[in-house]
Amino acid sequence: MDVYEAVTSRRAVRGFTDRPVPKEVLERVLSAAARAPSASNLQPWRAYVVTGAPLAELKKLAGGRIAEGDPWDEPEYEQYPPALNSPYRERRSAFGEQRYGALGIPREDVEARQRAVSANWDCFGAPAALFCYIDRDLGPAQWSDVGMYLQTVMLLLRAEGLHSCAQMAWAKYHKTVAEVLSPPDELILFCGMSIGFEDVTVGYTRTGRAPLEETVTFVDGY
């Protein structure tokens, strides 16, 4: 797959088939993704790939917490600032409208929105998931490196005909994830990532992007 095609076809897929993802494909993707850039080659990511019975157990545990109304775990990092300034506030609001609008869920239907959100912790039906951790002693630059690693993984998955959905939502149940994965105490769960083959019967609306002039300034020297 052409790089541009991989970039433009990548999106957060929220509906997967149960078709297994071959282990050798995941190994190939993650071996290549290790070439992602990181300052001084620290490679600050620590990834756990979960499939089969362990993933089913994790989904069951998370689903049980949802059913019982168990509150989210104490956050280990701030996902969004307490108050989003413009234009980020408007972009987040527009995303919510598009996301729930595609599902036919009106703004006032809080229960339906909660059901849609809870699908995160079933990995949207995906048969494989990646959980990405970072050492809690590392700083913002290393978190940026982890982001570049995850983007590299997602683009390589597209090259293999697979789709993905990166999910900070899993950090809200980081204790449940730790029950299954038993990560070292020095690691923080940044996000999960659902991986699999897209269920094309699940409808979606592709979210737009800001125009180039809104996010890029050319200081021309041509």
Side-chain angles (χ1 to χ4, degrees), residues 11-18 20-21 26 30 44-82 84 92 95-96 99-100 103 105 109-138 140 142-144 146-147 149-151 153-154 157 162-196 198-199 202 204:
R11 60 184 178 83
V13 165
R14 295 181 174 88
F16 295 88
T17 70
D18 60 2
V21 179
L26 295 173
L30 295 171
W45 47 83
R46 179 70 181 273
Y48 291 74
V49 179
V50 190
T51 59
L55 182 58
E57 176 65 12
L58 179 53
K59 291 179 179 181
K60 179 181 177 181
L61 291 172
R65 291 187 62 175
I66 295 167
E68 294 171 6
D70 197 7
W72 291 338
D73 296 331
E74 187 72 22
E76 295 193 287
Y77 70 92
E78 189 174 77
Q79 293 188 3
Y80 299 100
L84 279 174
R92 187 180 186 187
F95 165 75
R99 163 81 175 123
Y100 295 114
L103 297 172
I105 300 174
D109 194 341
V110 177
E111 184 178 342
R113 287 190 172 215
Q114 289 175 337
R115 285 197 302 270
V117 170
S118 68
N120 272 284
W121 298 292
D122 185 50
C123 294
F124 304 106
L130 179 149
F131 293 90
C132 189
Y133 286 81
I134 183 171
D135 193 302
R136 64 182 69 250
D137 291 335
L138 296 178
Q142 287 74 53
W143 285 74
S144 173
V146 169
Y149 169 74
L150 292 170
Q151 173 74 337
V153 170
M154 291 187 283
L157 289 170
L162 293 160
H163 274 284
S164 62
C165 182
Q167 302 161 269
M168 286 194 297
W170 274 108
K172 299 182 184 300
Y173 284 159
H174 61 85
K175 291 182 179 178
T176 299
V177 178
E179 285 184 46
V180 176
L181 303 185
S182 300
D185 291 340
E186 65 268 21
L187 297 183
I188 291 176
L189 177 61
F190 172 42
C191 71
M193 181 190 296
S194 297
I195 298 172
E198 180 184 9
D199 182 352
V202 176
Y204 72 94

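Starting from 1, each residue takes its place in the sequence as its number.
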**Student:** Decide side chain to side chain contact (heavy atoms under 4.5 Å, CB included) for Phe190 and Tyr77; before the verdict, give the C-alpha distance in whole Å, the side-chain angles of both, and the deciding distance to 0.1 Å.
**Tutor:** CA-CA 8 Å; Phe190 172 42; Tyr77 70 92; 3.5 Å; yes

**Student:** With a cut-off of 6.0 Å (strictly less than), are more than 12 heavy atoms of other residues, nucleotides or ligands near CH2 of Trp143?
**Tutor:** yes

**Student:** Ser164: what forms a side-chain hydrogen bond (donor to acceptor under 3.5 Å, both in side chains) with it, not counting sequence neighbours?
**Tutor:**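 Partners of Ser164 under the side-chain hydrogen bond (donor to acceptor under 3.5 Å, both in side chains) test: none.
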
**Student:** Does the Glu198 side chain pair with the main chain of Val13, one donor and one acceptor, at a distance under 3.5 Å?
**Tutor:**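 Not a single qualifying donor-acceptor pair exists.
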
**Student:** Applying side-chain hydrogen bond (donor to acceptor under 3.5 Å, both in side chains), can you list everything that pairs with Gln142, at least two apart in sequence or on another chain?
**Tutor:**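 Here no residue qualifies.
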
**Student:** If you look only at distance, which donor and acceptor atoms sit under 3.5 Å apart when one is on a side chain in residues 52-61 and the other is two or more places apart or in another chain?
**Tutor:**
from  : atom 1 : to     : atom 2 : distance (Å)
Lys59 : NZ     : Asp122 : O      : 3.3
Lys59 : NZ     : Ala126 : O      : 2.8

**Student:** Quick one: salt bridge (Lys or Arg N to Asp or Glu O under 4.0 Å) pairs with a partner in residues 128-137, sequence neighbours left out?
**Tutor:** Glu76-Arg136

**Student:** Write down the atom of His163, the atom of Arg11, and the distance for their closest heavy-atom approach.
**Tutor:** ND1-O, 4.5 Å

**Student:** I'd like to check the ring pair (Phe, Tyr, Trp, His ring centres under 6.0 Å) partners of Phe131; sequence neighbours left out, ordered by chain and number.
**Tutor:** Trp170

**Student:** Could you go step by step and tell me if Leu150 and Leu130 meet the side chain to side chain contact (heavy atoms under 4.5 Å, CB included) rule?
**Tutor:** CA-CA 10 Å; Leu150 292 170; Leu130 179 149; 4.2 Å; yes

**Student:** Aromatic rings Trp72 and Trp121: how do their planes relate, parallel, tilted or perpendicular, breaks at 30° and 60°?
**Tutor:**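 Correct class here is tilted.
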
**Student:** Enumerate donor-acceptor pairs with a distance under 3.5 Å from any side-chain N or O in residues 173-188 to protein atoms, sequence neighbours excluded.
**Tutor:**
from   : atom 1 : to    : atom 2 : distance (Å)
His174 : NE2    : Glu74 : O      : 2.9
Thr176 : OG1    : Arg65 : NH1    : 2.8

